[in-house]
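Contents: one structure, followed by commentary.
Just so it is clear, the model here is predicted, and its values are computed rather than measured. Every number for a ligand or one of its atoms is a count from 1 in the order of the listing.
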Amino acid sequence: MAECRRCLLLESAGENTLEEIRMRIEKLSEKEKASEEIYNSRLEECKNCDNLISGVCMKCGCYVEFRAAFKKMKCPNANNRRW
Ligand code: SF4
């Protein structure tokens with residue numbers, strides 16, 4: 001897979017990785033899960049962030065599509081938190 005700056009997994013990863021992330025998100029309880037509106041707005045912020053490379057946040061090493069799904073999670077960039 002080529003390095004893809006500012007791409008989500010949706011745009012850069014193989015189907016298996018994306019499917020795995022989706023399955024894990026589906027298993028989250030409603031209490032744990034961010035609303036769809038919040039989830040999508042978080043991902044829009046990530047797509048405009050220099051720390052996003054091929055779906056992975058360089059600040060924490062997480063797949064942003066997974067991290068953003070948790071209600072209690074925050075953007076890990078303490079100096080410039082986007083969400
Ligand atoms: S630093 Fe924050 S906004 Fe940037 S990719 Fe990571 S989680 Fe997304």
Quiz item: What protein atoms of element N, O or S are positioned under 2.8 Å from atom 6 (Fe) of ligand 1?
Solution: Cys57 SG
Quiz prompt | Cys49 SG to Arg82 CZ distance, which is reported to the nearest 0.5 Å | solution = 4.5 Å
Quiz item: Sequence neighbours excluded, which residues qualify as side-chain contact (heavy atoms from CB on, under 4.5 Å) partners of Glu20?
Solution: Arg24
Quiz item: Does a salt bridge link Lys47 with Glu44, judged by any charged N lying under 4.0 Å from a carboxylate O?
Solution: yes
Self-check item: Separation between NZ of Lys33 and NZ of Lys27, rounded to the nearest 0.5 Å
Solution: 12.0 Å
Quiz item: Between Tyr63 and Leu8, is there a donor-acceptor pair closer than 3.5 Å when you use the side chain of the first and the backbone of the second?
Solution: no
Practice problem: Would you confirm whether Arg67, through its side chain, and Lys74, through its main-chain N or O, come within 3.5 Å as a donor-acceptor pair? | Solution: yes
